[in-house]
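Encoded as structure tokens, the structure appears first; notes follow it.
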Amino acid sequence: MPARRPQPKTPRRDVRLGRWLVGGGALVLTLVLVWAGRQVPYRQTLVVGAVHAVEADLQNLAGLDSLRRVYDLDPVLVADRVVRHPWVREATVTRWPTGTVVIGVVEREPVALAIEDERPAYYLDAHGFRMPPVAGAVYDVPLLHGLADPYHPIRPVTDLSTREWLALLPTLDPDLDALLSDLEWRSREGWWLHVVPPHGRQAIPVQLGHTDFATRLRGLHTVWQDAVVHNPQTRFEWIDLRFEGQVITKETPRP
């Protein structure tokens, strides 16, 4: 068998040089692609998720009119502008290499409707933020009367008693939620609740005080089932639940 000739060895320096050239070329190519990507011109804005917030208003808040290149914008900064709309709870901003900026929004969910001068003034969400009425925004939520906080488009109500109510409303049992007609704030007496009685009778005012509304509503549910529903011949003038472990009622017999 003929002897195999030894293969010539590639010098280590040549191998290292080749690797350096390949790596350097890849780096240059990457930098060129990044630079080219940064030059993508801004073309349009798409708004996703808006129902009650007008898209034109959101685009104005985003402030992209003078944007030339899509990757020049700061997504966090633009999202912070968009959430200044009273109906927007969350916003995300995505830049596409096609030159499109996508603004995704999650809107607030109303849990109550504030009434001023016998007219709807604004909706409120569970965190106390206020949303102005808009066409098509109709929600079957309790009515709030007598709120002291002036309207502000991006700040929640400051009254802690009101905040407690708003956080509680979306957690109510459906049977209890169906009783609620409207709520009225009286500075000295606290919150009054007007409940809708069965059999078409007149609404019954319920005094709840300033706090601990979850406990007081459980007491209301008990007295409602045990006394009001099963006594159609009795007229309840009012129910007082301010005192722990006690239910005070004023009743008169119906003719």
Side-chain angles (χ1 to χ4, degrees), residues 48-53 58 79 82-92 104-116 119-186 189-198 203-225 228-229 239 241-242 244 247:
V48 179
V51 179
H52 302 308
L58 298 179
V82 174
V83 295
R84 296 170 188 261
H85 191 287
W87 273 95
V88 176
R89 177 169 61 90
E90 298 177 6
T92 57
V105 299
V106 178
E107 294 191 345
R108 301 188 184 279
E109 289 289 336
V111 299
L113 175 62
I115 302 296
E116 294 181 356
R119 300 178 62 182
Y122 49 83
Y123 286 105
L124 298 102
D125 73 354
H127 302 285
F129 287 92
R130 290 162 278 202
M131 303 87 76
V134 295
V138 180
Y139 292 86
D140 184 16
V141 294
L143 308 179
L144 301 188
H145 300 264
L147 293 183
D149 283 33
Y151 176 82
H152 196 286
I154 60 174
R155 295 178 184 173
V157 295
T158 58
D159 178 67
L160 296 180
S161 184
T162 304
R163 296 277 290 271
E164 181 181 347
W165 253 124
L166 294 172
L168 177 63
L169 286 174
T171 69
L172 293 179
D173 180 270
D175 293 337
L176 187 57
D177 181 60
L179 297 178
L180 274 64
S181 172
D182 60 340
L183 295 151
E184 181 182 359
W185 169 255
R186 302 177 186 176
E189 302 171 357
W191 282 99
W192 283 77
L193 170 65
H194 297 268
V195 292
V196 182
I204 303 173
V206 181
Q207 191 169 2
L208 298 171
H210 293 81
T211 188
D212 198 17
F213 302 122
T215 300
R216 304 187 197 287
L217 286 180
R218 286 194 292 269
L220 172 62
H221 189 266
T222 299
V223 71
W224 192 266
Q225 296 297 327
V228 179
V229 174
I239 301 173
L241 298 173
R242 291 175 297 166
E244 185 176 356
V247 177

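Sequence positions, counted from 1, serve as the residue numbers for this chain.
By the side chain to side chain donor-acceptor pair (under 3.5 Å) test, Glu189 is found to be paired with Arg186, Trp192, residues two or more places apart in sequence or in another chain being considered. With sequence neighbours left out, the side chain to side chain donor-acceptor pair (under 3.5 Å) criterion links Arg242 to Asp240. Residues meeting the side chain to side chain donor-acceptor pair (under 3.5 Å) test with Trp185, sequence neighbours left out: none. Under the side chain to side chain donor-acceptor pair (under 3.5 Å) criterion, Trp87 pairs with no residue at all, not counting sequence neighbours. Take Arg84 and apply the side-chain contact (heavy atoms from CB on, under 4.5 Å) test, not counting sequence neighbours, and it matches Asp80, Ile154. In terms of the salt bridge (Lys or Arg N to Asp or Glu O under 4.0 Å) criterion, Glu107 has no residue partners (sequence neighbours excluded). Here Tyr122 pairs with Tyr151 under the ring pair (Phe, Tyr, Trp, His ring centres under 6.0 Å) rule; sequence neighbours left out. Residues that satisfy the salt bridge (Lys or Arg N to Asp or Glu O under 4.0 Å) test with Arg163, not counting sequence neighbours, are absent from this structure.
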Exercise. Under the side-chain contact (heavy atoms from CB on, under 4.5 Å) rule, what do Ile204 and Trp224 come out as? Steps first, then yes or no, please.
Key: CA-CA 11 Å; Ile204 303 173; Trp224 192 266; 3.9 Å; yes

Practice problem: Just do the side-chain contact (heavy atoms from CB on, under 4.5 Å) check on Leu168 and Leu217 with the steps written out, would you? | Solution: CA-CA 10 Å; Leu168 177 63; Leu217 286 180; 3.7 Å; yes

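The OG1 atom of Thr222 sits 9.5 Å away from the CZ atom of Arg218 when rounded to the nearest 0.5 Å. Here Arg216 contributes atom CZ and Leu193 contributes atom CG; the two are 12.5 Å apart, rounded to the nearest 0.5 Å. The CG atom of Leu169 sits 6.5 Å away from the CG atom of Leu183 when rounded to the nearest 0.5 Å. With rounding to the nearest 0.5 Å, the separation of CE in Met131 from CG in Leu124 is 7.0 Å.
The nearest pair of heavy atoms linking Leu113 to Pro120 is CD2-CB, 4.0 Å. Of all heavy-atom pairs between Val111 and Ala126, the closest is CG2-N, 3.8 Å. In terms of heavy-atom proximity, Val88 sits nearest to Ala91 at CG1-CB, 4.4 Å. Closest of all the heavy-atom pairs between Val105 and Ala50 is CG2-N, 3.5 Å. The minimum heavy-atom distance linking Leu147 with Ala114 is given by the pair CD1-CB, 3.9 Å.
Pairs passing the salt bridge (Lys or Arg N to Asp or Glu O under 4.0 Å) check and including a residue from residues 119-133, sequence neighbours excluded, read Arg108-Asp125.
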Cut-off 3.5 Å, no hydrogens considered: what does the side-chain donor-acceptor table look like for residues 205-213, sequence neighbours left out?
residue : atom : partner : partner atom : Å
Thr211  : OG1  : Glu164  : OE1          : 2.9
Asp212  : OD1  : Thr215  : OG1          : 2.9
Asp212  : OD2  : Thr215  : OG1          : 3.4

List the atom pairs, with distances to 0.1 Å, where a side-chain N or O of residues 133-145 and a protein N or O form a donor-acceptor pair under 3.5 Å, not counting sequence neighbours.
residue : atom : partner : partner atom : Å
Tyr139  : OH   : His52   : NE2          : 2.9
His145  : NE2  : Asp182  : OD2          : 3.2

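Without hydrogens or angle criteria, Asp149 side chain to Thr158 main chain gives a donor-acceptor distance under 3.5 Å.
The environment of His152 atom NE2 is dense: over 12 non-hydrogen atoms of other residues, nucleotides or ligands sit within 6.0 angstrom.
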